[in-house]
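Because the structure is a prediction, the values reported are computed rather than measured.
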Amino acid sequence: MQHIERILRDTGGTKVLLGATEYHFKELWAEGPHVAPVENEAHRDVFLSVPEGYREYDGPLPETLTLGAIPVLTPPVVAPVQQEPAPVQQEPAPEQSQTAATSPADSGLRDLSAFEGKELTEDEDAALRGIFADEIGSKPHHNAKPETMIARIRAKREEAAGENKEA
């Protein structure tokens with residue numbers, strides 16, 4: 001049996017239905033990877049065909065890992081890795097903080113402004129494509145431009161916000 005990690009993480013995990021099997025990608029421990037065991041080789045291939053969303057997981061696992069019931073555990077003890085400190089970000093000025101969420105559909109969701117107006121790195125492009133796949137429900141075309149993906153995501157969010165107001 002292989003274990004697949006979902007790269008993008010959602011609070012409470014993510015349930016994915018393939019055929020008649022539901023996979024629950026849930027964190028193994030607080031702030032840990034979201035992993036599900038995948039016995040079906042065809043399903044494994046489907047997940048791994050989306051490299052911006054899924055990858056093989058070969059890290060530590062609890063002995064009680066089962067489909068749909070992944071317990072939350074304490075993380076294993078791992079030697080610390082030397083990393084560069086993250087750059088310090090300044091708080092936005094009051095006039096900027098009022099415009100941070102440009103529409104009700106954007107508030108509380110992943111901020112897309114980090115992807116706008118610049119050449120994206122490979123990791124940023126993969127992250128944007130993952131957001132697109134999660135929110136639109138399909139992978140973007142392999143030649144899709146970032147501004148096109150952002151526009152489609154925002155349109156979908158505004159559509160959902162309009163439906164919520166009607167309900």
Side-chain angles (χ1 to χ4, degrees), residues 1-89 105-116 118-150 152-154 156-157 160:
M1 175 186 335
Q2 268 196 307
H3 294 86
I4 303 295
E5 176 183 1
R6 185 167 190 277
I7 297 169
L8 297 174
R9 300 171 184 176
D10 295 317
T11 304
T14 302
K15 293 181 180 178
V16 178
L17 184 63
L18 282 181
T21 305
E22 182 177 80
Y23 296 97
H24 191 177
F25 292 88
K26 191 172 180 184
E27 63 186 11
L28 296 176
W29 54 82
E31 303 297 321
H34 288 212
V35 175
V38 179
E39 294 178 357
N40 184 316
E41 190 171 321
H43 291 180
R44 180 189 61 85
D45 292 342
V46 169
F47 286 122
L48 296 179
S49 72
V50 186
E52 64 273 6
Y54 302 92
R55 63 181 165 216
E56 290 184 41
Y57 179 77
D58 60 358
L61 293 169
E63 291 181 22
T64 59
L65 185 68
T66 60
L67 279 177
I70 301 175
V72 176
L73 305 173
T74 56
V77 177
V78 179
V81 176
Q82 294 281 345
Q83 292 184 350
E84 293 289 320
V88 177
Q89 296 185 358
D106 285 343
S107 61
L109 297 175
R110 292 174 274 203
D111 185 21
L112 298 174
S113 63
F115 303 108
E116 293 181 301
K118 66 175 187 171
E119 182 94 16
L120 299 183
T121 65
E122 191 174 312
D123 289 342
E124 290 170 330
D125 185 65
L128 179 58
R129 288 175 180 280
I131 293 169
F132 184 98
D134 283 349
E135 296 192 26
I136 303 299
S138 63
K139 291 183 357 182
H141 186 273
H142 68 278
N143 284 336
K145 294 180 181 177
E147 55 270 16
T148 303
M149 292 186 283
I150 290 169
R152 293 259 327 263
I153 293 167
R154 287 210 167 113
K156 182 76 169 186
R157 288 177 179 179

With rounding to the nearest 0.5 angstrom, report the OG1 to NZ distance, Thr14 to Lys26.
11.5 Å
With the side chain counted from C-beta on, respond yes when Asn40 and Thr21 share a heavy-atom pair under 4.5 Å apart, and no when they do not.
no
Classify the side-chain pair Asp111/Ser113 by whether it contains a donor and acceptor separated by less than 3.5 Å.
yes
Glu56 vs Leu48 side-chain heavy atoms within contact, under 4.5 Å
yes
Which residues pass the salt bridge (charged side-chain N to carboxylate O under 4.0 Å, His left out) test with Asp125, not counting sequence neighbours?
Arg129
Check the surroundings of atom CG in Asp58: do more than 12 heavy atoms from other residues, nucleotides or ligands lie under 6.0 Å from it?
no
side-chain contact (heavy atoms from CB on, under 4.5 Å) between Tyr23 and Ile4, worked out
CA-CA 10 Å; Tyr23 296 97; Ile4 303 295; over 6 Å; no
Spacing of Tyr57 atom OH and Glu5 atom CD [to the nearest 0.5 Å]:
7.0 Å
Using a strict threshold of under 4.0 Å (side-chain N to carboxylate O), is an ion pair present between Glu135 and Arg157?
yes
How many angstroms lie between CG in Leu120 and CD in Glu147, if you round to the nearest 0.5 Å?
9.0 Å
Spacing of NZ belonging to Lys15 relative to CG belonging to Asp10, to within rounding of 0.5 Å
13.0 Å
Is Asp134 salt-bridged to Arg6, cutoff N-O under 4.0 Å?
yes
In chain order, what residues pass the salt bridge (charged side-chain N to carboxylate O under 4.0 Å, His left out) check against Glu124, with sequence neighbours excluded?
Lys118
Please work out which of the three classes, parallel, tilted or perpendicular, describes the rings of Tyr54 and Phe25, given edges at 30° and 60°.
tilted
Taking atom CZ of Arg9 as the centre, report whether more than 12 heavy atoms of other residues, nucleotides or ligands fall under 6.0 Å from it.
yes
Search all heavy atoms of Ile150 against all heavy atoms of Glu116 and return the closest pair with its distance.
CD1-CG, 3.6 Å
Any side-chain heavy-atom pair of Glu119 and Pro146 under 4.5 Å:
no
Spatial distance of atom NE2 (His3) from atom CD (Glu39) [nearest 0.5 Å]
9.0 Å
Look up atom CD1 in Ile153 and atom OG1 in Thr148, then write down how far apart they are to the nearest 0.5 Å.
11.0 Å
